[in-house]
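Note sheet for the following structure.
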Amino acid sequence: MTTRVIIVDDQAMVRAGFAALLAAQSDIDVVGEAPDGAQGVELSRRTHPDVVLMDVRMPEMDGLEAARRLLAPPAGVTHRPRVLMLTTFDVDDYVYEALRAGASGFLLKDAPPADLIAAVRVVAAGDALLAPSVTRRLIADFAKQRPASRGKPALRLKGLTERETEVLTHVARGQSNAEIARTLVLAEQTVKTHVSRVLTKLDLRDRAQAVVFAYESGLVAPGEQ
């Protein structure tokens with residue numbers, strides 16, 4: 001199955017480079033490019049891509065606002081692509097807000113070509129791109145600036161079983177399903193099932209939102225290992 005991708009970035013050379021790299025893959029089809037968030041939203045509405053590569057900082061409309069519009073569309077708009085944020089810096093407040101809005105992760109612009117290709121495939125498959133060495137630190141840094149909510153997010157945790165809560169804690173610490181399985185002495189498929197149930201019960205799209213939720217609910221505190 002071919003993954004349809006659009007690239008939204010204000011730098012023409014970046015768009016061209018990413019487009020050439022991705023289009024060379026037999027399972028990826030680049031269906032459009034846009035130079036700012038507003039045009040990116042319009043292009044997405046028209047072309048219905050599976051994945052949107054979205055730059056964080058752009059004129060007219062930045063990537064954060066564009067991601068919000070794509071992931072929380074108005075009534076009558078049913079298409080919601082996966083959004084992968086592109087950033088120049090490994091710690092960026094905009095990226096945290098984009099994850100809260102439902103973006104499936106982020107990628108540094110200077111990442112190796114193979115990482116970009118892999119990221120598109122991971123996000124298209126419905127998973128989140130969460131690199132523990134960067135994404136986890138980013139979320140923890142900004143969680144420190146935003147005290148955990150003891151209201152609705154914390155109450156929603158009560159709908160989880162003890163095992164599901166335990167699995168969510170490990171997800172929030174940046175562990176993969178395989179790592180969680182080894183830690184809890186479970187089959188990897190069992191962990192995958194628990195993660196799926198957690199996302200369904202908490203009405204979350206993917207692991208990225210699960211990590212943010214875990215911090216904001218107070219289940220995991222910044223700096224915890």
Check your understanding: Do Leu86 and Met54 come within less than 4.5 Å of each other through their side chains, counting heavy atoms only?
Key -> no
Point to revise | Nearest-0.5 Å distance, CG of residue Leu202 to CG of residue Leu157 | key: 6.5 Å
Review point. Quick one: CD on Gln209 to CD on Glu216, what's the gap to the nearest 0.5 Å?
Key: 10.0 Å
Review point. With a 4.5 Å limit on heavy-atom distance, are the side chains of Pro59 and Asp10 in contact?
Key: yes
Check your understanding: Are Thr87 and Lys109 close enough, and set up right, to give a side chain to side chain contact (heavy atoms under 4.5 Å, CB included), and what steps lead you there?
Key -> CA-CA 6 Å; Thr87 180; Lys109 284 188 177 182; over 6 Å; no
Review point. Is there side-chain contact between Thr2 and Asp27, with heavy atoms separated by less than 4.5 Å?
Key: no
Point to revise | Nearest non-hydrogen partners of Arg15 and Ala34, listed with the distance | key: CD-O, 3.4 Å
Practice item. Return the minimal non-hydrogen interatomic distance between Pro81 and Leu71, and the atom names on each side. Key: O-CD2, 3.4 Å
Point to revise | Taking every non-hydrogen atom, the tightest pair across Glu179 and Gln175 | key: OE1-CA, 3.1 Å
Study note, to complete from the structure: Distance col, row Ser176:OG vs Arg182:CZ, nearest 0.5 angstrom, shows 6.0 Å
**Study point:** Ala23 versus Val30, closest heavy-atom pair with distance
**Key:** N-CG2, 3.9 Å
Exercise for review: Show your reasoning for whether side chain to side chain contact (heavy atoms under 4.5 Å, CB included) applies to Ser44 and Val52.
Suggested key: CA-CA 8 Å; Ser44 178; Val52 176; 4.2 Å; yes
Point to revise | From CA spacing to verdict: salt bridge (charged side-chain N to carboxylate O under 4.0 Å, His left out), Arg46, Glu42 | key: CA-CA 6 Å; Arg46 190 172 71 249; Glu42 191 278 330; 2.5 Å; yes
Check your understanding: How about Gln39 and Asp36: does a side-chain donor come under 3.5 Å of a side-chain acceptor?
Key -> yes
Review point. Taking NZ, NE, NH1 and NH2 as the nitrogens, is one of them in Arg156 or Asp203 under 4.0 Å from a carboxylate oxygen of the other?
Key: no
Point to revise | Val120 vs Val5 side-chain heavy atoms within contact, under 4.5 Å | key: yes
Point to revise | Result of checking Val171, Val211, Leu168, Thr169 against Val220 for side chain to side chain contact (heavy atoms under 4.5 Å, CB included) | key: Thr169
Check your understanding: Given side chains that start at C-beta, do those of Thr161 and Glu164 come closer than 4.5 Å, heavy atoms only?
Key -> yes
Revision key, fill the gap. Closest non-hydrogen atoms of Gly37 and Met58, given as atom of the first, atom of the second and distance, are N-CE, 3.6 Å
Practice item. For residues Leu64 and Met85, report the shortest heavy-atom separation together with the two atoms involved. Key: N-CE, 4.3 Å
Check your understanding: Can you find a heavy atom in the side chain of Thr47 that is under 4.5 Å from one in the side chain of Ile6?
Key -> yes
Exercise for review: Just do the side chain to side chain contact (heavy atoms under 4.5 Å, CB included) check on Leu108 and Asp115 with the steps written out, would you?
Suggested key: CA-CA 9 Å; Leu108 296 179; Asp115 287 3; over 6 Å; no
Practice item. Determine whether Phe18 and Asp9 make a side-chain contact, defined as any pair of heavy atoms from C-beta on separated by less than 4.5 Å. Key: no
Point to revise | Worked verdict on Thr3 versus Asp29 for side chain to side chain contact (heavy atoms under 4.5 Å, CB included) | key: CA-CA 6 Å; Thr3 297; Asp29 185 13; over 6 Å; no
Check your understanding: Nearest 0.5 Å, what's the NZ-OG distance between Lys158 and Ser217?
Key -> 12.5 Å
Practice item. Working to the nearest 0.5 Å, report the span between CD of Gln25 and CD1 of Ile117. Key: 3.5 Å
Exercise for review: Enter the distance from Arg121:CZ to Leu22:CG here, rounded to the nearest 0.5 Å.
Suggested key: 9.0 Å
Exercise for review: State, with a plain yes or no, whether a side-chain heavy atom of Arg207 is found less than 4.5 Å away from one of Asn177.
Suggested key: yes
Review point. When you check the gap from the basic side-chain N to the acidic O, do Glu188 and Lys192 get nearer than 4.0 Å?
Key: no
Review point. Using 4.0 Å as the upper bound for N to carboxylate O, is an ion pair formed by Arg82 and Asp206?
Key: yes
Study note, to complete from the structure: Result for side chain to side chain contact (heavy atoms under 4.5 Å, CB included) between Val167 and one of Thr183, Thr193, Val195 points to Val195
